Number of protein chains: 2
Amino acid sequence: MWKMEGDETISTEKENVIVDDIMRQIANQTLKPGTKLPSEYVLVEKYRVPRMTVRNALMKLEEQGIVYSKQGKGRYLKEESKHIDLHLTGKISFTDKMKQLGYDLTTKNVYCEEIPFDAKIYRILQAVEGDTIFKIGRLRYINGEPVAIHNSFVSETNFPVIGKDGPAIESMFAYYRQLGYEEFSSNKTLLSTTFPTVFEQELLACKSMVPLIVVESNCIDGKSEKLLEYTKILYRSDKFQYDITMD
Amino acid sequence: MWKMEGDETISTEKENVIVDDIMRQIANQTLKPGTKLPSEYVLVEKYRVPRMTVRNALMKLEEQGIVYSKQGKGRYLKEESKHIDLHLTGKISFTDKMKQLGYDLTTKNVYCEEIPFDAKIYRILQAVEGDTIFKIGRLRYINGEPVAIHNSFVSETNFPVIGKDGPAIESMFAYYRQLGYEEFSSNKTLLSTTFPTVFEQELLACKSMVPLIVVESNCIDGKSEKLLEYTKILYRSDKFQYDITMD
DNA sequence: ACACAACAACTTGGCGACAAGTTAAGCTTG
DNA sequence: CAAGCTTAACTTGTCGCCAAGTTGTTGTGT
């Protein structure tokens, strides 16, 4: 017989009840985007709890990016951006998918750096501890908003000038094509979730409790079966609806 | 040029820095599962912030299910359960997948109820407003732990005794086979994330900020092309690693 | 010397008081 | 009568104080 993880305190339970109620009002459109939420004082009266309990509940909604506040003014329900349909399991690259769907996709290289030894990454890339591996991070914008961080891990063994070229690469596929590789595929794609680090919150312009969808895959040249890179993409889960239908 | 959603207060920034530091210590195994975290007082001294800021940071980790606390005793890093590999895009049913992998999977029917009109669900099920649709909820346990809520939406039009049969159904596929349907497929599978409601937190025995992976799909009989049900599964994202490799 | 009780120190839980920002209403002056 | 200023009310932001639980140390009694 299972039991509840770490017993919940009374006030945490009340916080969650308040969160539930507000989420329900959002879902049934009693509360509409852009409109003002009841003030802390009003909720204190309604639920008969200390102001701290109400505040914590509202802070949870803020950290999830659902609500924003202005001191002296109030709290407001954020406009919800339309979900972008993303076919996670298709063969088309992210760039092409977005263009197909008519989105304005841009890319910004944010870092290209040698990473310290990481057993998992080295194993996937079939590298040994002395090898140099670069992590190339590119921030993806759709309609001017950052929506994903695209990390490519590439071994210097396979691409000796990747460290020099990395900061200017806008499309990894284009880079590989230029080097003679033409057919890209993956034989392993894993999905998990995480919360953004402070740095990722900055890059993605999101709050700390917006879950990120993490998609990890290897990228193989179809012809030579050569492992080109290990890819780790962090998507803002609130910006996308993911289609994982098999083609 | 994009801008940060709702400006972050100074103390929220500090909270997130503290969360980051602790997460990093967990990741590099400086902090090990089961061990005690530094006390609030110690963190107050280390970061030179009010105790409230430290508390809020630690509460975030608690709500994510990473840490638990005991009044007068301390806060501890939870033992992390081993991730279960789940092939989201394969053709095998969840039941068969889990058995294949050697997990002890059990199912508990938690509700079978008529749902009010919901435009989206009725559209997917090709039902009209007067039709009766049942929502059958089954809680999935692996090794005794609740890990997923499996919701099947079934129209009474297609299955007139679903309301009566629903509470005792352990396998929807077995139920459909019994009625002569043999080949199940889906032509649309969508994935998104959400946070659990209070009720879902109870069912899944998880904290409020554990993201749930929501997988929605239609279920079609391969032979007759008949739409059998609309399926919505809520997975605890922290219990699984999802394989979305295409077969 | 051992056991028990009391007290102090450490730890987390709960909440109110004060600070700072915004807006509206009322009063005064031109 | 209108405009501007001041004050009050409303709203969110910040933080310390007190309560409750746990553990360790010290002192006293047998």
Side-chain angles (χ1 to χ4, degrees), chain A residues 4-19 21-22 25 31 34-78 201 207-209, chain B residues 3-19 21-22 25-26 31 34-78 201 207-209:
Chain A
M4 178 74 83
E5 292 174 338
D7 291 336
E8 220 161 48
T9 61
I10 297 298
S11 52
T12 314
E13 285 175 22
K14 286 169 177 169
E15 284 164 29
N16 290 330
V17 165
I18 296 171
V19 166
D21 283 1
I22 295 175
Q25 290 173 43
L31 271 174
T35 61
K36 198 175 166 200
L37 268 66
S39 71
E40 291 175 13
Y41 168 75
V42 165
L43 295 173
V44 163
E45 296 286 285
K46 178 179 174 180
Y47 292 97
R48 302 191 192 294
V49 294
R51 191 184 152 214
M52 221 43 227
T53 303
V54 164
R55 258 187 81 68
N56 287 341
L58 296 170
M59 296 296 280
K60 280 180 182 174
L61 295 172
E62 284 195 45
E63 287 306 312
Q64 293 178 31
I66 292 163
V67 146
Y68 67 95
S69 68
K70 202 73 175 88
Q71 182 178 1
K73 217 177 167 69
R75 280 195 172 82
Y76 302 84
L77 182 65
K78 272 183 187 173
Q201 289 166 46
K207 307 295 278 191
S208 65
M209 296 290 190
Chain B
K3 61 185 186 297
M4 177 77 84
E5 295 175 336
D7 291 335
E8 217 160 49
T9 61
I10 297 297
S11 51
T12 315
E13 287 175 23
K14 286 169 175 168
E15 285 164 29
N16 290 332
V17 165
I18 295 170
V19 166
D21 283 359
I22 295 174
Q25 290 172 44
I26 295 169
L31 271 174
T35 61
K36 200 176 164 199
L37 269 67
S39 70
E40 291 176 13
Y41 168 74
V42 165
L43 295 171
V44 163
E45 297 285 286
K46 177 179 176 182
Y47 292 97
R48 301 191 193 294
V49 292
R51 189 183 152 215
M52 220 44 228
T53 305
V54 165
R55 256 182 79 71
N56 288 342
L58 295 171
M59 296 296 278
K60 281 180 180 175
L61 294 173
E62 284 193 46
E63 286 306 314
Q64 293 179 31
I66 293 165
V67 145
Y68 67 94
S69 68
K70 202 77 174 85
Q71 183 178 1
K73 216 177 167 69
R75 281 192 170 83
Y76 301 83
L77 182 63
K78 273 185 187 172
Q201 288 167 49
K207 307 295 276 190
S208 65
M209 296 291 190

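Note that the coordinates shown come from a computational prediction; the quantities given were computed from them, not determined experimentally. Chain identifiers are assigned alphabetically (A, B, ...) following the order of the sequence lines, protein sequences preceding nucleic acid strands; residue numbering begins at 1 within each chain.
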**Prompt:** Closest nucleotide of DNA chain C for A:Thr53 versus for B:Leu58: which of these residues is on the 5' side?
**Reply:** B:Leu58
**Prompt:** Toward the 5' end of DNA chain C, which comes first, A:Gly72 or B:Met52, by nearest nucleotide?
**Reply:** B:Met52
**Item:** A:Glu63/B:Lys60 salt bridge by N-O under 4.0 Å criterion
**Value:** yes
**Message:** Looking at B:Lys207 and B:Glu62, is any side-chain nitrogen of the basic one under 4.0 Å from a carboxylate oxygen of the acidic one?
**Reply:** no
If only side-chain N and O atoms of [X] are considered, is one of them under 4.0 Å from the OP1 or OP2 phosphate oxygen of [N]?
X: A:Arg75; N: D:dT11; value: no
X: A:Ser69; N: D:dT12; value: no
X: B:Lys73; N: D:dT23; value: yes
X: A:Ser11; N: C:dG14; value: yes

Roughly how many Å is it from [atom1] in [X] to [atom2] in [N], rounded to a whole number?
X: A:Lys14; N: C:dC15; atom1: NZ; atom2: C1'; answer: 12 Å
X: B:Glu62; N: C:dT11; atom1: CD; atom2: C1'; answer: 13 Å
X: A:Leu37; N: D:dT12; atom1: CG; atom2: P; answer: 9 Å
X: A:Glu40; N: C:dA17; atom1: CD; atom2: C1'; answer: 14 Å
X: A:Arg48; N: C:dC15; atom1: CZ; atom2: P; answer: 16 Å
X: B:Arg55; N: D:dT14; atom1: CZ; atom2: P; answer: 17 Å
X: B:Leu43; N: C:dC10; atom1: CG; atom2: P; answer: 16 Å
X: B:Lys70; N: C:dT12; atom1: NZ; atom2: P; answer: 13 Å

**Prompt:** Which nucleotide in the list D:dG16, D:dT12, C:dG13 gets nearest to the side chain of A:Arg51?
**Reply:** D:dT12
**Complete:** Of the listed D:dG13, D:dG16, D:dT11, the closest approach to the A:Tyr41 side chain comes from D:dT11
Just how far is it from atom [atom1] of [X] to atom [atom2] of [Y], taken to the nearest 0.5 Å?
X: B:Glu15; Y: B:Leu61; atom1: CD; atom2: CG; value: 10.5 Å
X: B:Leu58; Y: B:Glu40; atom1: CG; atom2: CD; value: 6.0 Å
X: A:Ile66; Y: A:Leu77; atom1: CD1; atom2: CG; value: 8.0 Å

